[in-house]
Amino acid sequence: MRALFVLQSGQFLYGASRSIEGLLKNIDFEFDLMICKSFTKNVDEEAIRRRFGDNLKNIYVVWLPRYRCQFFDNHGIYSELSHYVNNIMAMLLRGIRKRIIRKGKYDYIHLNSLVLYPMIDEESKYIIHAREIINPSYQLKKLLVNKVKKAFGIIYIDDATKVSVEKEYLHPKTLLLNNPFDMTAVIEVDYMRTMKQYNLSEGTTVFAMLGQIGKSKGSDIVFDAFHKVDNDDIRLLVLGNNENPFAKQMMDMYKEDKRIIFCGELENTAPIYRICDYVFRGEDQFCIGRTIFEGLYAGCSVIMPGEERDIERVPEGEKWKTKIYFYRPKDIEDLCRIIRQVLNNKMINRQYYSNVDEYVKEYTKYISDIL
């Protein structure tokens, strides 16, 4: 078997790219990568080859169409202009992609994000990895549906992504498969050294929010709730890009609260998970996200929007139900209540988990079955 995996980014710091890594390190067949060019960040091909090993053959860095069908944040004029120019370049140079795909003679093409849906045609077998919740007001929804109909299969990472797509179209070849997580290496992190690095004492209850800092992620809700809780023995570690306008606004707004620590982007998040007791999500609806499971697999508890009954929508929810705290979405006071409830409850005697073997088996079986 030979496959082409199409990535919207060559940076392995955030959700989609981090998630595909667990698969590509462990599949037993050859594959090529097609990665979207960027105006601001170069693709480090040598680092990618070290990351993925001998089964990775060719890396193609080309302009790819990326249509924002999901909820997203506007990050200023330059970011928006860059997005539009990217799609213009992708349209003008689509012949390059076509030639690469024809030459590769791939058994299938794996699109690693729903935003890459414009690439789908009937000339190849495209499989969509749906990781995003579709924005109900998305203006090109008719185009999206027509492309999804042509896809050979769809993999959903959770129930929320599945529901948002199936409101528009019920595809006959689907798989609901949580992301691959391997947090067993976290145990190797030096706990005391990392606590000292962030100037934390052993009695401090450590909270973390990891990923993009943005309004669609509910970052402002989490910061506001944390700020309102009057306790000197709690800290919030914030990982993500500090350079976008929203992040800068948040940093300025909470600069007097020394308990909120903006750490910037970290390629290796294992030390944060090693010292973290609770992981936040702040979206305005039930939404799982990769960091929820990274936290759970690293022995943390998580605090996320939703209702108690939503535990049924969490993959392996019964296994994790004592580690998940729900608060009413967008309700700052309810989130404050949860923080106060857990602030003196540190995570002791952690267990570290991996689901990678099971994930790869289920993924490869699905591919084999539909091909």
Side-chain angles (χ1 to χ4, degrees), residues 13-15 18-19 71-73 75 181 183 186 194-195 197-200 204-229 231 233-255 257-306 323-332 334-343 346-347:
L13 295 176
Y14 299 109
R18 284 176 63 88
S19 294
F71 295 95
F72 66 94
D73 292 304
H75 287 322
F181 307 98
M183 305 303 286
V186 174
T194 307
M195 291 288 282
Q197 178 183 345
Y198 291 97
N199 197 27
L200 305 174
T204 302
T205 306
V206 182
F207 298 79
M209 192 171 191
L210 305 93
Q212 299 285 358
I213 301 173
K215 196 167 185 63
S216 69
K217 300 296 184 181
S219 303
D220 51 337
I221 293 172
V222 173
F223 298 158
D224 194 10
F226 193 89
H227 179 67
K228 287 183 176 181
V229 174
N231 187 283
D233 293 326
I234 58 176
R235 296 292 184 273
L236 172 60
L237 304 180
V238 183
L239 274 68
N241 184 0
N242 292 342
E243 299 303 316
N244 70 72
F246 182 86
K248 290 180 178 179
Q249 178 187 347
M250 293 294 100
M251 291 175 69
D252 184 64
M253 185 178 299
Y254 296 102
K255 63 184 178 184
D257 191 338
K258 303 304 180 184
R259 304 172 306 160
I260 301 177
I261 304 168
F262 289 88
C263 306
E265 293 181 320
L266 296 179
E267 184 169 347
N268 180 16
T269 56
I272 300 300
Y273 284 114
R274 180 67 180 91
I275 65 174
C276 173
D277 298 297
Y278 298 91
V279 175
F280 280 122
R281 296 292 297 201
E283 286 85 353
D284 62 4
Q285 59 186 310
F286 171 78
C287 180
I288 298 175
R290 179 173 182 84
T291 59
I292 287 295
F293 279 94
E294 286 183 337
L296 291 170
Y297 276 60
C300 308
S301 286
V302 299
I303 301 172
M304 60 186 291
K323 307 277 285 184
I324 297 176
Y325 297 83
F326 290 104
Y327 66 93
R328 290 187 295 273
K330 298 188 289 187
D331 190 329
I332 292 174
D334 198 38
L335 181 51
C336 288
R337 176 186 63 82
I338 295 293
I339 296 171
R340 294 188 184 102
Q341 176 183 335
V342 304
L343 57 81
K346 290 184 65 63
M347 297 298 105

Item to complete: Return yes when atom NZ of Lys346 has more than 12 non-hydrogen atoms of other residues, nucleotides or ligands closer than 6.0 Å, and no otherwise.
Response: yes

Fill in: Candidate pair Val279 and Phe293, rule side chain to side chain contact (heavy atoms under 4.5 Å, CB included), full reasoning
CA-CA 10 Å; Val279 175; Phe293 279 94; over 6 Å; no

Discussion item. Measuring from atom CZ of Arg328 to atom CG of Leu335, what distance do you get when rounded to the nearest 0.5 angstrom?
Written reply: 11.0 Å

Worksheet item: Side chains of Met253 and Phe223: closer than 4.5 Å at any heavy-atom pair?
Response: no

Worksheet item: Is a side-chain N or O of Arg259 found less than 3.5 angstrom from the main chain of His227, in a donor-acceptor match?
Response: yes

Worksheet item: Mind checking whether Val222 and Met209 have side chains closer than 4.5 Å, heavy atoms only?
Response: yes

Worksheet entry | Asn242, Leu239, Asn241 screened by side-chain contact (heavy atoms from CB on, under 4.5 Å) with Ile213, the one that passes | Asn242

Worksheet entry | Where Glu283 and Pro329 come nearest, the two heavy atoms and their spacing | O-CB, 4.4 Å

Worksheet item: Which class fits the ring pair Phe226 and Phe207: parallel under 30°, tilted 30 to 60°, perpendicular over 60°?
Response: perpendicular

Fill in: Heavy-atom side-chain contact between Ile338 and Tyr278 under 4.5 Å
no

Item to complete: Provide the closest heavy-atom pair for Val342 versus Thr205 in the form atom of the first, atom of the second, distance.
Response: O-CG2, 4.2 Å

Item to complete: Considering non-hydrogen atoms only, spot the tightest contact between Leu266 and Ile272 and give its length.
Response: CD1-CG1, 4.0 Å

Worksheet entry | Straight-line distance of Gln197 CD to Thr194 OG1, nearest 0.5 Å | 6.0 Å

Discussion item. Quick check: closest heavy atoms across Ala208 and Leu210, and the distance to 0.1 Å?
Written reply: CB-CD1, 3.9 Å

Worksheet, complete the sentence: Between the OH atom in Tyr273 and the CG atom in Leu296, the distance rounded to the nearest 0.5 Å is 9.5 Å

Item to complete: Enter the distance from Thr204:OG1 to Ile275:CD1 here, rounded to the nearest 0.5 Å.
Response: 9.5 Å

Item to complete: Find the distance between CE (Met251) and CD (Glu243) and round it off to the nearest 0.5 Å.
Response: 8.0 Å

Worksheet item: Considering all heavy atoms of both residues, which atom of Leu237 and which atom of Cys263 are nearest to each other, and what is their separation?
Response: CB-SG, 4.1 Å

Worksheet entry | Residue pair Asp220, Phe246: steps toward the side chain to side chain contact (heavy atoms under 4.5 Å, CB included) verdict | CA-CA 9 Å; Asp220 51 337; Phe246 182 86; 3.9 Å; yes

Worksheet item: Taking the side chain as C-beta and beyond, is there a heavy-atom pair between Tyr198 and Pro271 under 4.5 Å?
Response: no

Worksheet item: From Leu200 CG over to Asp233 CG, what is the distance, rounded to the nearest 0.5 angstrom?
Response: 11.0 Å

Worksheet entry | Any donor-acceptor pair under 3.5 Å from Asp277 side chain to Val206 backbone | yes

Worksheet entry | Lys330 side chain vs Pro305 backbone, donor-acceptor pair below 3.5 Å | no

Discussion item. Any heavy-atom pair between the side chains of Phe326 and Met304 that's under 4.5 Å?
Written reply: yes

Worksheet entry | For Arg290 against Arg281, the heavy-atom pair lying closest together | N-NH1, 4.1 Å

Item to complete: Given ring-ring contact (aromatic ring centres under 6.0 Å, His included), test Phe280 with Tyr327 step by step and report yes or no.
Response: CA-CA 11 Å; Phe280 280 122; Tyr327 66 93; 7.7 Å; no

